[in-house]
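To start, the structure under review is shown below, and the notes come after it.
Here the structure is a predicted model, which is why all the values come from computation and not from measurement. Quick note: residue numbers are just sequence positions, from 1.
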Amino acid sequence: MKGSANESLPLARVFPFMAWLPAVDGSTLRSDLVAGFTGAILGLPQGVAFALLAGLPPQYGLYAAMIPPALSSLFGSSRQMIAGPTNAVAILLFASLGHLAAPGSADYIRFVLTVTFLVGVFEFAMGVARLGTVVNFISHTVIVGFGTGAAILIATQQLKSYFGIALPADASFVQTLRQTALAIGQLNPWATGVGVATVVSGILARRYLKKIPFMITATVVGSLVAAALSAWFGPEVTRIATVGALPTALPPLTVPDLSVETLTKVAPTALATTILALTLGVSIGRTLAIRTGQRIDANQEFIGQGLSNLVGAFFSSYPSAGSINRSGANYEAGAKTPLASVFSSIFLVGIVLLVAPLAAYLPLATMAGILFLIAYGLIDVRRMRAICRTSRSEASVMIVTLLAALLLGLQTAIYAGVLLSLMLFLNQAARPGIRDVKPLFRGDGHFRFDADSELPDCPQLKMLRVNGSIFFGAVEHVETAFHAVDRANPGQKRLLIAASGINVVDISGAEFLSREAQRREKMGGGLYFWFMKDAVLALLRQGGYLKSIREERIFDPSVDPIAKIYPQLDSEVCRACKARIFPQCRVALPSGEPRAG
């Protein structure tokens with residue numbers, strides 16, 4: 001289902017579901033019902049696992065998977081993406097709020113609900129302000145590094161449940177590894193056996209039972225193994241800890257704490273969560289859109305996710321974001337419209353009311369094993385290798401983001417990755433490519449400038465190609481290159497710039513070009529341009545800079561600049577020159593005197 005003419009209707013801009021609702025029929029309903037049921041089944045173990053990962057009671061993961069996904073789908077632009085509890089947001093919350101209150105405590109839950117509300121406000125405001133392009137500044141490399149760091153943190157924080165040992169909940173990555181190594185002799189073999197059975201069954205299910213979500217299979221197998229061990233050897237021997245019974249109730253109404261003190265404490269976390277949630281949502285939506293041919297409106301996604309979190313804050317939800325696991329399962333299950341997400345929420349409510357008490361038999365080691373599998377899936381080794389092979393700068397961004405996630409926390413990792421990406425981009429933009437070029441003439445009278453002609457320099461005219469914008473950050477680099485011409489050959493007082501690669505010139509760049517033209521004029525030479533873009537020429541004209549640059553020294557691409565400049569060269573220098581790289585050199589001197597021999 002690719003787009004709809006209804007999307008252009010004014011009503012559809014306020015209520016996006018009006019664009020696709022008329023296309024719903026019996027066929028799409030059947031597909032969406034099947035996809036919705038699959039998503040609900042998957043959402044149960046996933047919601048519980050991610051709530052534990054966020055330091056919340058397990059039922060809060062289910063609450064976040066009920067109301068927010070439906071609202072996000074109805075008011076977003078993606079037809080297949082499902083929002084809800086995610087591992088990345090969960091680990092970010094735990095890492096950022098764990099020092100403010102004990103995870104799972106009433107104060108901790110209060111902070112989380114306030115973060116949810118603020119995230120909704122930030123997302124909705126950014127969508128209304130049409131700031132969807134902001135996510136474009138978070139590079140794919142940052143996401144890869146962040147995802148890898150999050151995956152490693154997910155795994156390390158589940159070591160205590162997997163091995164059945166006691167570790168501080170607020171221990172850092174390094175502290176967790178160290179204390180796990182020290183306590184390895186005290187591990188609970190029964191809990192570890194359940195974790196191993198969960199991981200192995202999940203791996204096998206992924207390979208051989210592809211039609212059944214692997215998390216469901218792994219959850220069932222792990223729970224059955226734990227029940228069998230406890231029945232055979234006795235629970236007092238196995239001591240396998242479980243999640244505990246979940247309340248069979250709908251999400252209770254809650255009111256976020258909007259006091260100045262609380263807002264001040266959680267605002268940085270809310271901002272980091274907003275950036276992460278929007279990046280995940282738009283990235284997942286675009287990934288699915290590539291397969292479906294649909295166009296994703298980042299601003300509408302901001303609005304949809306903002307509404308879902310604003311409302312979710314009053315229904316016991318922690319921040320929701322685009323879920324790669326549920327969105328991928330939704331697409332693979334054949335979802336045609338966002339109704340699949342609505343059906344998933346409805347089915348999940350029914351499942352919770354019917355089977356929530358069975359969570360009392362769900363071992364923590366099983367949840368740890370599932371999170372190990374999820375963490376493994378987040379590590380994209382293929383892309384990491386490709387990044388390392390392709391670009392050192394991009395690889396450095398990925399590594400810095402990864403290390404910041406492990407050593408400084410996920411919140412800092414996002415900022416560090418984005419900041420380093422922008423610094424590298426600005427450094428690259430501030431150093432536009434400047435190459436020595438020579439004209440290559442064709443038989444039809446036209447020519448082009450080539451950097452690989454292997455022709456010698458003209459002793460009086462230097463030719464350079466500038467590939468990049470001349471803005472305030474690049475002026476020094478370009479000025480240094482132009483002055484290097486004088487140092488290398490003082491006789492090259494005339495400088496011709498092949499300007500087709502100059503996309504932008506700002507005021508600082510225009511001032512520099514004006515100064516350079518005046519400087520070369522005083523030297524007895526000049527500054528010339530060939531193939532200058534209209535936007536650049538318009539700025540120079542509007543700013544009055546052509547008075548010093550001189551408009552007659554800016555040549556159209558159809559004009560031979562050498563024919564215009566050659567008569568201005570010194571004939572005596574040309575008389576002794578052996579280079580003769582221009583056709584005019586071989587016929588006559590600049591004065592018009594015919595060449596002898």
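The backbone N or O of S78 sits less than 3.5 Å from a side-chain atom of E301, completing a donor-acceptor pair. Formation of a donor-acceptor pair under 3.5 Å by the N299 side chain with backbone atoms of V128 is not found in this model. Without hydrogens or angle criteria, S161 side chain to L364 main chain gives no donor-acceptor distance under 3.5 Å. Looking at T148, its side chain never comes within 3.5 Å of a backbone N or O of I379 through a donor-acceptor pair. At least one donor-acceptor pair under 3.5 Å links the side chain of T180 to the backbone N or O of T176. At distances below 3.5 Å, at least one donor-acceptor pair connects side-chain atoms of D32 with backbone N or O atoms of K336. A side-chain donor-acceptor contact under 3.5 Å links S316 to the backbone of P252. The backbone N or O of A340 sits nowhere less than 3.5 Å from a side-chain atom of S344 that would complete a donor-acceptor pair.
Contact of the Y63 side chain with the Y318 side chain is not registered, since no non-hydrogen atoms from C-beta on lie closer than 4.5 Å. In this structure the side chain of Q300 reaches within 4.5 angstrom of the side chain of I303, judged on heavy atoms. Contact of the I67 side chain with the S345 side chain is not registered, since no non-hydrogen atoms from C-beta on lie closer than 4.5 Å. In this structure, the side chains of L402 and I152 come closer than 4.5 Å at one or more pairs of heavy atoms. Looking only at side-chain heavy atoms (C-beta outward), L424 and S396 come within less than 4.5 Å of each other.
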Exercise for the section: Given side chain to side chain contact (heavy atoms under 4.5 Å, CB included), test V352 with M66 step by step and report yes or no. Expected result: CA-CA 10 Å; V352 167; M66 291 181 183; 3.6 Å; yes

Handout entry: Derivation of the side chain to side chain contact (heavy atoms under 4.5 Å, CB included) call for N188 and I165
Key = CA-CA 7 Å; N188 182 343; I165 56 180; over 6 Å; no

Practice task
Could you walk me through whether S230 and T238 pass the side chain to side chain donor-acceptor pair (under 3.5 Å) test, one step at a time?
Solution key: CA-CA 6 Å; S230 295; T238 59; 3.3 Å; yes

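Listed by chain and residue number, S139, V142, V397 satisfy the side-chain contact (heavy atoms from CB on, under 4.5 Å) test with S421 (two or more places apart in sequence, or in another chain). The side-chain contact (heavy atoms from CB on, under 4.5 Å) check on E236 picks up nothing, with sequence neighbours excluded. Evaluation of the side-chain contact (heavy atoms from CB on, under 4.5 Å) rule for L263 yields T114, L118, L258 as partners, not counting sequence neighbours. Applying the salt bridge (Lys or Arg N to Asp or Glu O under 4.0 Å) criterion to R239, with sequence neighbours excluded, gives no partner residue. Applying the side-chain hydrogen bond (donor to acceptor under 3.5 Å, both in side chains) criterion to T273, with sequence neighbours excluded, gives no partner residue. Residues forming a side-chain contact (heavy atoms from CB on, under 4.5 Å) with L177 (at least two apart in sequence, or on another chain): T156, L159, F173. For F372, the ring pair (Phe, Tyr, Trp, His ring centres under 6.0 Å) partners two or more places apart in sequence, or in a different chain, are Y162. In this structure, T401 has no side-chain hydrogen bond (donor to acceptor under 3.5 Å, both in side chains) partners at least two apart in sequence or on a different chain. By the side-chain hydrogen bond (donor to acceptor under 3.5 Å, both in side chains) test, T141 pairs with E394, sequence neighbours left out. Shown here are the side-chain hydrogen bond (donor to acceptor under 3.5 Å, both in side chains) partners of T198, two or more places apart in sequence or in another chain: T366.
Taken from CZ in F94 to CG in L53, the straight-line distance is 8.5 Å, to the nearest 0.5 Å. Note that CD1 of I370 is 4.5 Å distant from CE of M367, once rounded to the nearest 0.5 Å. A distance of 11.5 Å separates CG in L250 from CG in L62, rounded to the nearest 0.5 Å. Annotation: the span from S96 atom OG to L271 atom CG amounts to 11.0 Å, rounded to 0.5 Å. Taken to the nearest 0.5 Å, the CD1 atom of I240 stands 8.5 Å off from the CH2 atom of W190. Here the straight-line distance linking atom CZ of F117 with atom CZ of F122 works out to 10.0 Å at 0.5 Å rounding.
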Name every donor-acceptor pair, under 3.5 Å, that has one atom in a side chain of residues 306-313 and the other anywhere in the protein, sequence neighbours excluded.
residue : atom : partner : partner atom : Å
S308    : OG   : Q305    : O            : 2.7
N309    : OD1  : S320    : N            : 2.8
N309    : OD1  : S320    : OG           : 3.2
N309    : ND2  : E123    : OE1          : 2.9
N309    : ND2  : Q305    : O            : 3.2
N309    : ND2  : S320    : O            : 3.4

Considering only distance and modelled atom types, tabulate donor-acceptor pairs under 3.5 Å from the side chains of residues 103-112, sequence neighbours left out.
residue : atom : partner : partner atom : Å
S105    : OG   : A102    : O            : 2.6
S105    : OG   : Y108    : N            : 3.2
D107    : OD1  : R110    : NH2          : 3.0
Y108    : OH   : A54     : O            : 2.4
R110    : NH1  : D257    : OD2          : 2.7
R110    : NH1  : T262    : OG1          : 3.2

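Closest of all the heavy-atom pairs between I82 and P69 is CG2-CB, 4.2 Å. Closest of all the heavy-atom pairs between L113 and P256 is O-CB, 4.0 Å. Taking all atoms of both residues into account, the shortest heavy-atom contact from G61 to A51 is N-CB, 3.3 Å. Minimum heavy-atom separation, S341 to A70: OG-N, 3.9 Å. Closest of all the heavy-atom pairs between F146 and L276 is CE2-CD1, 3.4 Å. For the pair A197 and V225, the tightest heavy-atom approach, listed with the atom from each and the gap, is CB-CG2, 3.9 Å.
Counting only N and O atoms by type, the side chains of T337 and T28 include no donor and acceptor under 3.5 Å apart.
More than 12 heavy atoms of other shown residues, nucleotides or ligands fall within 6.0 angstrom of atom CZ in F314.
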